[in-house]
Amino acid sequence: MREKVKQLIENATEFIKNSENVAQINDLRVKYLGKAGEITGLLKGMKDVPADQRAEVGKYVNEARDKVTAMITEKLAQLEQKALEAKMMKERIDITVDNVDANRGSLHPCTLVIDEVLDIFTNLGFKVAQGPEMETDMFNFQLLNIPKDHPSRDMQDTFYVGEDLLLRTQTSAVQARTMLNTQPPIKLVCPGKVYRPDYDATHSPMFHQIEGLVVDKHVTLTDLKGLLDLFAKTLFDSETKTRFRPSYFPFTEPSVEVDVTCAVCHGKGCKICKGTGWIEILGAGVVNPKVLDRCGIDSKKYSGLAFGLGVERIAMIKYGIPDIRILFENDSRFLKSFK
Ligand code: PHE
């Protein structure tokens, strides 16, 4: 009997040692300690052992049971630990690895320009206002002194959605909306998308504008000059000079177009400025008194100045982009260069 138990322990030790996973260990537990298991069988057979040997046999069978139980428990813990380690290795994240190409996006050049321009004006105390991209004829044209059938409508080709509804051609529409429900002093900039049916290297049917409006007592063309000169020097560099040329807009009188010295050649003349040394960046003027009156502001008490710039045009000058269409092709190689 003792020999048999000794053999059993030896076999069990070997099996347990060689088992490779939890399932195999569980099989061994059943084999030795289960209801019909070998050790359980020995314990059941105790009643047949002669009474004088029972205590001794009982002792080593119990020892065998304890030993096998302990070995199984230990092996199981080892296997579980190993499984956990393997799982952790598999899920391991090496936080020390650098240069992971996570393909992060970058801000679009138009967004960069919009942010920069708004920064300059909000630092000067301007508020930012926005309005709908689909506008009524009233806000986009009539309140801005562009009556129906007036020849000045030819200045802006338009996408009509209905008789009186259109995709706005200028964010000046937001200025009209604001003046109608705000009394001066007003200082505001309006960024947003505008639409005109043009398409070539310098025109896109959708583009972005930022227009500005100041209405207060004693606002003059001199204020406009000072403001836009400061703006140009901040946006480009402090050496930048501005030049104001007479122009025409129905909503401003007098009207001007503003040029800056070419950011590339600093006024010497190059391909970008077509040899002139100057680049036009915006339209502006003193708000036509008719517009103030039409929008509910007393033009005898107040005067205003307004300006409007094309965001794409500024981006093209600032970043040397030759064709406006590149801005909307969403070619990631182009966009990545602005990271
Ligand atoms: N709204 C004009 C345009 O889109 C620009 C402008 C704004 C001109 C304000 C003068 C004053 O062409």
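Counting starts at 1 for both ligands and their atoms, in listed order.
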| CZ of F307 to CD1 of I281: how many Å apart, nearest 0.5 Å? | 10.0 Å
| query | Is any side-chain heavy atom of L227 less than 4.5 Å from a side-chain heavy atom of L124? | reply | yes
| query | Yes or no on side-chain contact (heavy atoms from CB on, under 4.5 Å) for F334 and L327, after CA distance, side-chain angles and deciding distance? | reply | CA-CA 8 Å; F334 168 74; L327 287 166; 4.1 Å; yes
| Neighbour list for ligand 1 [protein residues, heavy atom under 4.0 Å] | Q156, Q170, S172, R196, Q209, E211, F249, F251, T252, G283, A284, A306, F307, G308
| task | Take the angle between the ring planes of F249 and F251 and call it parallel below 30°, perpendicular above 60°, tilted in between. | result | parallel
| query | Do Q7 and E3 get their side chains close enough for a donor-acceptor pair, meaning under 3.5 Å? | reply | no
| field | side-chain contact (heavy atoms from CB on, under 4.5 Å) between T111 and F338, worked out | value | CA-CA 11 Å; T111 308; F338 292 90; over 6 Å; no
